[in-house]
Amino acid sequence: MKVRTRFAPSPTGYMHIGNLRTALYGYLYAKKQGGSFILRLEDTDSKRYVEDAVQIIYDTLKDAGIRYDEGPDVGGDYGPYIQSERAAIYREYAEKLVELGGAYYCFCDKERLESLKDANGVGRYDKHCLHLSKEEVREKLAAGVPYVIRQNVPAEGSGTYEDLVYGTVTVDFKEIEDGVLLKSDGLPTYNFANVVDDHLMGITHVIRGSEYLSSTPKYNLMYDAFGWERPAYIHLPPIMKNAHEKLSKRNGDASYQDLVDKGYIKEAIINYIALLGWSPKSNQEKMSLAELEENFSLSGLNKSPSIFDEPKLRWLSGEYVREMSDEKFAQLALPFLKRSKAYGKYPDAALLKILKPRVEVLEDIPSKIDFLEEYGKFDAGLYFNKKMKSDAEIAKVVLPAAAETLKGVETYENAALYAALVELAQKLGMKNGQVLWCVRVALTGRENTPGGASEMAELLGKERCLERLAKAQAFLNE
RNA sequence: GGCCCCGUGGUCAAGCGGUCAAGACAUCGCCCUUUCACGGCGGUAACACGAGUUCGAUUCUCGUCGGGGUCACCA
């Protein structure tokens, strides 16, 4: 049988990392098995609907490269793919389930329901309306009494199923309440809609978060009552922010879009989240989407929660930066380059060249090159470097001589500048590092820069170099 | 609290009765070097605890502890 998986988000906001990973795994499994991946929108709770959420879901999936074969905006043979457009279908099946004995009409009002709960708000529905006669039900229905349809869960026994990652899961039916399947507004609850849709849409593998682990037996009860084949279940452990909290937008944790906005490379984000909860057979961790599709397997799924580790994402992002073409880098880096004070004052190509080997997350770009436009009094202690054997005293000797040397260089090009400075070191009887370190510090006022003395000199150009060298000497003599 | 699930280094994670318990990130050190970064090499660092089962448990069972999830006319 052809594998069909689905991603069924509720349009209540943006896509967080956990959601995206669920979508990714569903996509990867389907692709690996040569099956189809479907997008379905679960919008049966009008109170939680958020305006742009649907568009965000479409955009995020598209942006991440997760293509769905069927969905609201791409069509398919099993539509509609938006639950709010399937109301009639749910009603039909809910009534059918009532006939089959798997559900029943309930006319209890809010007050009665409240009275069933104890001081802690805990208490289950008492199956009161299950005992209504057919006539009573018909009369109330005819009289227009508001109602819901509840699932009829057996009082005895238990439900067991084999989860493909968690193994055997068993829940006693007495732990399960006769939940509402069809709300008084006529729309289904998730508990009912997911079962009807997954069956009608031919979903073979249900991939979702582990929060559904213990409610799955009640869904199975419905599959069984309808005489439908149960799908295979693949529950996924949560992605945590730390040992105790789940990663969530509510806590202000990074969403996919936030990460992209910060300049993490998209491919790295996908690659990284694929690795949170799943591991490949080989030790190769850096993988493109295509490689993930090729290597994905259920056996690599882990059942314990994993903590989102930004440093590792950062590293992976850097790996992607390093391997991308200069053109691609230029394109991605431009918006961030523009945020720097130095933008427009130096050739983009020159900036990009020194940045590419050193950038992991694009938002780091401005801080790496702002020194090109920011130059002021700095601590003379910067001249001290144990390994280079340099300090402020050495600088006092080096700087005037370097100014003289650099004045004599015509074309400000790295190799020529480097040669000139090394020659100067020899002339002064110093180590190359002593001259190079002092000059670089004098030129930039920074301890760390994206490149060495001659590279910085090339970038700054003759005029600025001589100007800064003069200032640096003045600072030193203050 | 009841029920369900989870528990290997700081983090991700391999392992599926016998291993000196992989690998990656992070961290530390060394090398390379024109600082930084890249790259190369190396180090520190883990089976939550206690009982079983077994010739032998990280691996199987039970308990304890710790953590998460779930108990809605939300998904």
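Note on naming: letters A, B, ... go to the chains in the order of the sequence lines (proteins, then strands), and numbering restarts at 1 for each one.
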Problem set entry | A/K431 backbone acceptor or donor facing A/Q434 side chain under 3.5 Å | yes

For this session: Would you mind building the protein contact string for nucleotides 61-75 of chain B? One character per nucleotide, 5' to 3', B for base within reach (heavy atoms under 4.0 Å), S for sugar-phosphate only, - for untouched.
Result: ------SSSSSSBBB

Exercise. With under 30° as parallel and over 60° as perpendicular, where do the rings of A/Y383 and A/F378 fit, or are they tilted in between?
Worked result: tilted

Exercise. Between A/Y233 and A/Y219, does the ring centroid distance fall short of 6.0 Å?
Worked result: no

Exercise. Could a donor-acceptor pair under 3.5 angstrom be found where the side chain of A/R358 meets the base of B/C36?
Worked result: yes

Seminar exercise, completed: Answer for the Watson-Crick or wobble partner of B/C36, both distances under 3.5 Å, is none

Problem set entry | Touch class at under 4.0 angstrom, heavy-atom based, for A/M456 against every strand present | nothing

Exercise. Should A/E360 and A/R314 count as an ion pair when the cut-off is N to O under 4.0 Å?
Worked result: yes

For this session: Grab the NZ-P distance between A/K303 and B/A13 for me, whole Å please.
Result: 13 Å

For this session: Classify the nucleic acid contact of A/N19 as base, sugar-phosphate or nothing, counting any heavy atom under 4.0 Å across all strands shown.
Result: nothing

Problem set entry | Test: A/R150 cationic atom under 6.0 Å from A/Y125 six-membered ring centre, within 45° of axis | yes

Exercise. Does a side-chain N-to-carboxylate-O contact under 4.0 Å join A/K341 and A/E374?
Worked result: yes

Exercise. Is the side chain of A/T405 donor-acceptor paired with the backbone N or O of A/L424 at a distance under 3.5 Å, no angle test?
Worked result: no

Seminar exercise, completed: Partner of B/G29 under the Watson-Crick or G-U wobble criteria, both distances under 3.5 Å, comes out as B/C41

For this session: For B/U59 versus B/C6, give the span between their P atoms, rounded off to a whole number of Å.
Result: 15 Å

Exercise. Centre of A/Y272's six-membered ring, under 6.0 Å away, within 45 degrees of the axis: is that where NZ or CZ of A/K286 sits?
Worked result: no

Problem set entry | Whole-angstrom distance between B/U44 and B/C25, as gauged at atom C1' | 15 Å

Exercise. In B/S/- notation, 5' to 3', how is nucleotides 20-33 of chain B contacted by protein heavy atoms closer than 4.0 Å?
Worked result: --BBBS-------B

Problem set entry | Residues within residues 430-442 of chain A bordering RNA chain B, heavy-atom distance below 4.0 Å | A/L436, A/W437, A/R440

Exercise. Which is true for A/T168 with a 4.0 Å heavy-atom rule: it touches a base, it touches only sugar-phosphate, or it touches nothing?
Worked result: sugar-phosphate

Exercise. Taking the same atom, C1', in B/C60 and in B/G66, what whole-Å distance lies between them?
Worked result: 22 Å

Exercise. Looking at A/N302, does any N or O in its side chain come under 4.0 Å of the phosphate oxygens OP1/OP2 on B/A14?
Worked result: yes

Exercise. Can you tell me the Watson-Crick or wobble partner of B/A13, both distances under 3.5 angstrom?
Worked result: none

Problem set entry | Identified pairing partner of B/A72, criterion: Watson-Crick or G-U wobble below 3.5 Å | none

Seminar exercise, completed: From CD1 of A/I307 across to P of B/U8 the rounded distance in Å is 10 Å

Problem set entry | Separation between the C1' atoms of B/A57 and B/C62, rounded to whole Å | 15 Å

Problem set entry | Counterpart base for B/C65, defined by Watson-Crick or G-U wobble contacts under 3.5 Å | B/G7

Exercise. Going by distance alone, is a donor N or O of one side chain under 3.5 Å from an acceptor N or O of the other, for A/Q55 and A/D52?
Worked result: no

Exercise. Do A/K281 and A/S299 have side-chain atoms, one donor and one acceptor, less than 3.5 Å apart?
Worked result: yes

